[in-house]
Amino acid sequence: MYIEIFILGIIILFLLNYTGRISANRFVADNEVLFQKLREDDYDFYVKAKYGDSVNPDFLFNKRVRNMLVTIVVLVCFFIGNLSYITIIFSVIGGYLIFKMDYSNLKKYYKAHLHEIDAMLPHYLKGLEILIQHYTVPVALGKSIEDAPSIFKEGLQELINEINAGNDRIDPYMNFARMYPVRDSMRMMRLLYRLSLGRQEHKQEQLLEFSKTISNLQQKAREIKYKERLEKMEGKTMHMLISTGLGVMVLLILAVLMMMNM
């Protein structure tokens, strides 16, 4: 009986949504301020780390909210014959877990590809260093956007906008570092800020320090990449040895069994 009610409820919800009587998208849009409180601080970073500029983080977030609401409604319909505070709470928890699942997957992707994303920052900073030799830091930042990795472009534009608006404090640089919490981003942004404040006669000295730090970051990225490649090769070698050993053991067992049967 409960299964029939559940199926009927799903069909009714589908028909109402199809005819436009109810709309999950419209409900999400009307309550955007409320749902934005569920948004993780680093969600946009993880989206851009995986998809670059090809996907709008707002679109994906609204999709997450819609999936959460649909899951809650479906679970409530499933428990409609035995509805209680416990089943409602269970439905809400189920919807929230579905909501967090996408964020967890993005975070796992970032951790799995951490060295690739970390390597982007020193690569970008190396190109920026060349520009700083000929221009001031704000001008060099503006000229660097075109060739910057897509993941950093939005943060760079915000950084430049704040600087152009007259904010000569370290805050814009730290905001960029917090937006992209990769290895040593805080330290690099502090060095870049100091370089922007340095007098012309001290510029070469500060630029040398900046260059040395970038080189160290690049070296770390290379070491991590080499280590992971070595671990991967060791893993393949171990699997091959285990497979060969098991194969030899099977052959020996078969040989012994054949000799016993003779």
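Starting from 1, each residue takes its place in the sequence as its number.
- No continuous path of ILVMFWY side-chain contacts below 4.5 Å connects I89 to Y96, so the two sit in separate hydrophobic clusters.
- Minimum heavy-atom separation, A148 to L156: CB-CD1, 3.6 Å.
- Tracing side-chain contacts under 4.5 Å through hydrophobic residues (I, L, V, M, F, W, Y), one never reaches Y109 starting from Y51; they form parts of separate clusters.
- Ring pair Y43/Y103 is tilted by interplanar angle, where 30° to 60° counts as tilted.
- Taking all atoms of both residues into account, the shortest heavy-atom contact from D168 to Y193 is O-OH, 3.1 Å.
- Atom OG of S104 sits about 9.0 Å away from atom CG of L97, to the nearest 0.5 Å.
- Taking hydrophobic clusters as Ile, Leu, Val, Met, Phe, Trp and Tyr residues chained together by side-chain heavy-atom distances below 4.5 Å, L195 does not share a cluster with I130.
- With values rounded to the nearest 0.5 angstrom, L131 atom CG is found 9.0 Å from L141 atom CG.
- Between atom CG of residue L75 and atom CD1 of residue I93 there is a gap of 11.0 Å, rounded to the nearest 0.5 Å.
- One distance of note links CE of M189 with CZ of R178; it measures 12.5 Å at 0.5 Å rounding.
- I98 CD1 to M68 CE: the interatomic distance, rounded to the nearest 0.5 Å, is 11.0 Å.
- Annotation: cation-pi pair K143/Y135 present, NZ/CZ under 6.0 Å from the ring centroid and within 45° of its normal.
- Residues N67 and R64 bring no donor and acceptor atom of their side chains to less than 3.5 Å of each other.
- Residue-environment remark: CZ (F90) stays at or below the threshold of 12 foreign heavy atoms within 6.0 Å.
- For the pair R39/D44, a side-chain contact is recorded, criterion being any heavy-atom separation below 4.5 Å from C-beta on.
- With hydrogens and angles ignored, the 3.5 Å screen pairs no side-chain donor or acceptor of N167 with any backbone N or O of I163.
- For K107 and Y46, the positive end is not near the middle of the six-membered ring at less than 6.0 Å and at most 45° from its axis.
- Between I72 and S91, the shortest heavy-atom contact is CG1-O, 3.5 Å.
- By the 30° and 60° cut-offs, the orientation of the rings of F152 relative to Y124 is tilted.
- Ion pair E146/K153 not flagged as a salt bridge, since none of the NZ, NE, NH1 or NH2 atoms sits closer than 4.0 Å to an Asp/Glu carboxylate oxygen.
- Residue K63 places its NZ atom among 12 or fewer non-hydrogen atoms of other residues, nucleotides or ligands, all under 6.0 Å distant.
- Criterion: ILVMFWY side-chain heavy atoms under 4.5 Å apart, direct or through other members. Under it, M101 and V73 are not part of a common hydrophobic cluster.
- E158 contributes atom CD, which lies 8.5 Å from atom CG of N175 (distance to the nearest 0.5 angstrom).
- A 4.5 Å side-chain heavy-atom check between L192 and I132 finds at least one atom pair inside the cut-off.
- In this structure, L60 and V55 have side chains that are in contact, with non-hydrogen atoms separated by less than 4.5 Å.
- Under the 4.5 Å side-chain contact rule for hydrophobic residues, F45 and F59 share a cluster.
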